[in-house]
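Since the structure comes first, as C-alpha cells, the remarks are kept for the end.
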Amino acid sequence: MSDAYRRAYVRFPTEGSAAVSTNKARGISSILTDVSAGGANLVTNVPFELTEKVEVLIRASILFKEAFKKQARVAWCRRFGADLWQVGLDFGVDKLLNLS
C-alpha cells in the first residue's frame, strides 16, 4: 500500500480494544491505537500475514457508542518489541467507516 493511500483518511487516536478473527483463530485480543474511515491500527501479540482477510470487532467507546464488526485485510504487520506486533488493517474503499 502506498503512503499516499495510507494517509488518505484522517486518523483518530483512540484507546480501545479489538478482537480479530481469521480463518485459523478467533477472538485474538488486540489494542486499538487509531482508526480512520479506511482502516485501523492495532497492537497484538500475534503476527498476521500480509493481505490476510480478517474480521475485527472494534470497541472504542470514545469514538463509537457500540462495538461493531468490520471485514478488513492486513495491509502491513511489523514486529514491535519482543513479542508484540503492530498491524495495519485496510477496510477497503467500498467499506469505509462514516466518522462524521
Side-chain angles (χ1 to χ4, degrees):
M1 178 184 298
S2 73
D3 282 344
Y5 177 75
R6 283 189 359 195
R7 305 288 186 231
Y9 306 102
V10 175
R11 294 178 182 196
F12 295 93
T14 189
E15 294 179 10
S17 65
V20 182
S21 296
T22 69
N23 288 335
K24 300 174 189 173
R26 296 270 176 228
I28 300 165
S29 295
S30 304
I31 297 169
L32 180 69
T33 59
D34 70 51
V35 67
S36 73
N41 187 4
L42 311 172
V43 175
T44 185
N45 63 349
V46 177
F48 292 94
E49 295 178 29
L50 190 62
T51 71
E52 183 174 14
K53 292 182 180 179
V54 300
E55 180 179 80
V56 60
L57 173 64
I58 295 175
R59 296 180 201 95
S61 59
I62 290 174
L63 293 176
F64 309 106
K65 291 180 183 179
E66 297 181 20
F68 64 94
K69 288 184 180 178
K70 195 78 172 157
Q71 301 294 316
R73 79 170 175 81
V74 176
W76 52 269
C77 183
R78 296 185 193 116
R79 186 172 218 124
F80 178 69
D83 292 318
L84 295 175
W85 282 264
Q86 190 174 20
V87 182
L89 298 181
D90 178 9
F91 298 145
V93 293
D94 58 333
K95 301 174 190 161
L96 298 177
L97 286 181
N98 181 357
L99 297 173
S100 56

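This chain uses plain numbering: 1 for the first residue, then up along the sequence. Because only heavy atoms are used, hydrogens play no part in the values below, and waters and symmetry mates are left out as well, while side chains stay in. It should be emphasised that the depicted structure is a prediction, and the values quoted were computed from it without experimental measurement.
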Distance-minimising heavy-atom pair for [X] and [Y]:
{"X": "Ala37", "Y": "Phe91", "result": "O-CD1, 3.6 Å"}
{"X": "Gly27", "Y": "Ser21", "result": "N-OG, 3.1 Å"}
{"X": "Leu50", "Y": "Ala75", "result": "CD1-O, 2.9 Å"}
{"X": "Pro47", "Y": "Cys77", "result": "CA-SG, 4.0 Å"}
{"X": "Arg11", "Y": "Ser36", "result": "CA-CB, 4.1 Å"}

What's the separation between atom [atom1] in [X] and atom [atom2] in [Y], rounded to the nearest 0.5 Å?
{"X": "Thr22", "Y": "Ile28", "atom1": "OG1", "atom2": "CD1", "result": "5.0 Å"}
{"X": "Leu57", "Y": "Leu32", "atom1": "CG", "atom2": "CG", "result": "10.5 Å"}
{"X": "Glu52", "Y": "Asn23", "atom1": "CD", "atom2": "CG", "result": "7.5 Å"}
{"X": "Ile31", "Y": "Leu84", "atom1": "CD1", "atom2": "CG", "result": "7.5 Å"}
{"X": "Ser30", "Y": "Asn45", "atom1": "OG", "atom2": "CG", "result": "8.0 Å"}

Residue list, side chain to side chain donor-acceptor pair (under 3.5 Å) with Glu55, at least two apart or on another chain: Gln71

Sequence neighbours excluded - salt bridge (charged side-chain N to carboxylate O under 4.0 Å, His left out) pairs with any residue from residues 41-51: Lys24-Glu49

Pairing residues for Asn41 by the side chain to side chain contact (heavy atoms under 4.5 Å, CB included) criterion, not counting sequence neighbours: Thr33, Asp34, Trp76, Gln86

Hydrophobic cluster identity match, Leu89 and Val46, side-chain contacts under 4.5 Å: yes

Same apolar cluster: Phe80 and Val87, side chain cutoff 4.5 Å: no

Any donor-acceptor pair under 3.5 Å from Thr44 side chain to Ser29 backbone: yes

